[in-house]
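Working notes for the structure below.
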Number of protein chains: 2
Amino acid sequence: MPQLDATDKALLELLQNDSKQTNKALSLSLGLSVTAVYERIRKLEKSGVIKGYVALLDKKQVNRNFVAFCHIKLVQHSQDYVVRFEKQVANLEEVLECYHISGDYDYILKVLVADMQEFRTFMVNKLTKIDHIGSTHSMFMINEVKHSTKIPVP
Amino acid sequence: MPQLDATDKALLELLQNDSKQTNKALSLSLGLSVTAVYERIRKLEKSGVIKGYVALLDKKQVNRNFVAFCHIKLVQHSQDYVVRFEKQVANLEEVLECYHISGDYDYILKVLVADMQEFRTFMVNKLTKIDHIGSTHSMFMINEVKHSTKIPVP
DNA sequence: ATCAAATTTAGAATATTTTTCTATAATATT
DNA sequence: AATATTATAGAAAAATATTCTAAATTTGAT
């Protein structure tokens, strides 16, 4: 694990806000030369601190504005069952996030589709076709208050 | 709302996977000229389909690997209370996502901190300091099965 | 504290990429 | 079918990323 100094942290914050800034712009923000910025970024990429760069889309504009949170309980919790379940869930493109969690349910999923009809189709044809699911409980997004990909760097 | 053809959709998928690809690389993938790719991207940016470009970090490497999901119920639901609550929550950097949802609770939050100690500090000093919170219920991530920012384009 | 090694930085040179420009081709409109 | 609009390609120009060299700074050991 690499040691991040204050400049690295500032740089990570800038790149998490906008990764399309030029190194010159970054160098001005940070008070460094272009090469210094370039080398720092390279290091952060190589060490895996920066996982990658992506474009973020507007859900509404691509007609995927229906968000559901599905809680799932498995019928059994043997290694095999868990591994198989997780693989199958990860393969569903509608499932953007899946976490194994503590509490009454085993998993929480964030599912993205166009509307309730599509969600129904997803449940019937995809999710509940997965083996070893005991029970599910879904909640639906009424409004998105905040959605950020920006991890605060300590 | 702009009409997206198959090429736009393919382009959006490519850019959601890796926004650092050059236009030449994209043009090869799509079988177009560099200029055609350039103009399409410009259009997608201007119309707001592409909201922006960001660097994605590795939670573990920046010591923010503790994820909590907090369900929150408000004591009242008047316009004023809701607006104030949402503003205050959105200002907390530990809260990466916040959704108003259907069901037993009003909101679900995704909170990112270093560890349980920090989570406790967050709850005591920040979250529960927010007005009008009735009750909360937290679940903790045991394992991240999937976490993608990629919206499937229909 | 002092020295040597390693790392970081800056500025210039080079390579690559983005952006603009012009002309042509495809698509839509009447 | 004729015209206007939009999309595309290729070349030229501008901007940017990357490499290189050398100087400066930091680090670690003595």
Side-chain angles (χ1 to χ4, degrees), chain A residues 1-64 149-154, chain B residues 1-64 149-154:
Chain A
M1 58 217 99
Q3 198 67 299
L4 301 176
D5 66 13
T7 306
D8 286 324
K9 289 172 187 175
L11 179 54
L12 289 173
E13 167 153 13
L14 291 168
L15 291 174
Q16 284 191 101
N17 284 333
D18 177 12
S19 63
K20 269 284 163 74
Q21 291 172 86
T22 64
N23 290 345
K24 192 164 68 184
L26 294 168
S27 76
L28 290 174
S29 297
L30 298 172
L32 281 177
S33 71
V34 171
T35 306
V37 169
Y38 175 79
E39 288 297 337
R40 278 174 182 269
I41 292 176
R42 222 175 59 90
K43 203 159 292 180
L44 291 165
E45 289 169 354
K46 271 187 108 175
S47 66
V49 174
I50 295 176
K51 285 196 297 183
Y53 303 90
V54 300
L56 298 179
L57 308 191
D58 183 341
K59 280 198 282 297
K60 291 192 202 86
Q61 298 237 43
V62 293
N63 194 32
R64 295 264 141 157
T149 58
K150 189 170 156 190
I151 298 174
V153 270
Chain B
M1 59 217 100
Q3 198 66 299
L4 302 175
D5 66 14
T7 305
D8 286 324
K9 290 172 187 174
L11 179 54
L12 288 174
E13 168 153 13
L14 291 167
L15 290 174
Q16 285 190 101
N17 285 333
D18 176 12
S19 63
K20 270 284 163 71
Q21 292 173 86
T22 64
N23 291 344
K24 191 164 69 183
L26 293 169
S27 75
L28 290 174
S29 297
L30 298 171
L32 281 177
S33 71
V34 171
T35 306
V37 169
Y38 176 79
E39 288 297 336
R40 277 174 182 269
I41 292 176
R42 222 174 58 91
K43 203 160 294 178
L44 291 165
E45 288 169 355
K46 271 188 107 175
S47 66
V49 174
I50 295 176
K51 285 196 298 183
Y53 302 90
V54 300
L56 298 180
L57 308 191
D58 183 341
K59 279 198 282 298
K60 291 191 203 87
Q61 298 238 42
V62 294
N63 193 32
R64 294 266 140 156
T149 58
K150 188 169 157 191
I151 299 174
V153 270

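In the text below, chain A, chain B and the rest are named by the order of the sequence lines, each starting its count at 1. No experiment lies behind these values; they were computed from the predicted model shown. Just so it is clear, the values below take in all heavy atoms, side chains as well, and ignore hydrogens, waters and symmetry mates.
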Notebook entry, point to check: In whole angstrom, what separates B:Asp5's CG from D:dT6's P?
Noted result: 15 Å

Next item on the list: Show your reasoning for whether side-chain contact (heavy atoms from CB on, under 4.5 Å) applies to B:Ile50 and A:Leu57.
Entry: CA-CA 5 Å; B:Ile50 295 176; A:Leu57 308 191; 3.9 Å; yes

Notebook entry, point to check: Where along residues 10-32 of chain B does a heavy atom fall under 4.0 Å from DNA chain C?
Noted result: B:Thr22, B:Asn23, B:Lys24

Notebook entry, point to check: Hey, is B:Glu39 close enough to B:Arg42 for a salt bridge, meaning N to O under 4.0 Å?
Noted result: yes

Check: Do B:Leu26 and B:Ile41 touch side chain to side chain, with heavy atoms closer than 4.5 Å?
Finding: yes

Note to self: Just the rounded figure in Å: distance from P of C:dT8 to NZ of A:Lys46.
What the structure shows: 12 Å

Margin query: Would you say that B:Leu32 contacts B:Leu11 through its side chain, given a criterion of any heavy-atom pair below 4.5 Å between the two side chains?
Written below: no

Item checked: Side chains of A:Asn17 and A:Lys150 in contact at under 4.5 Å (non-hydrogen atoms) -> yes

Next item on the list: Check the pair B:Leu44, A:Gln61 against side-chain contact (heavy atoms from CB on, under 4.5 Å), reporting the backbone distance first and the verdict last.
Entry: CA-CA 10 Å; B:Leu44 291 165; A:Gln61 298 237 43; over 6 Å; no

Note to self: Expected output is a numbered-order residue list: members of residues 33-41 of chain B with a heavy atom under 4.0 Å from any atom of DNA chain D. What is it?
What the structure shows: B:Ser33, B:Thr35, B:Ala36, B:Arg40

Check: For atom NZ of A:Lys24, is the number of surrounding heavy atoms from other residues, nucleotides or ligands below 6.0 Å larger than 12?
Finding: no

Next item on the list: Hey, could you give me the CG/CD distance between B:Leu14 and B:Gln21, rounded to the nearest 0.5 Å?
Entry: 5.5 Å

Item checked: Atom-pair distance (OH on A:Tyr53; P on D:dA17), nearest Å -> 11 Å

Notebook entry, point to check: Counting just side-chain N and O atoms, does B:Lys43 come under 4.0 Å of either OP1 or OP2 of D:dA7?
Noted result: yes

Item checked: d(CG, B:Leu44; P, D:dT6) in whole Å -> 16 Å

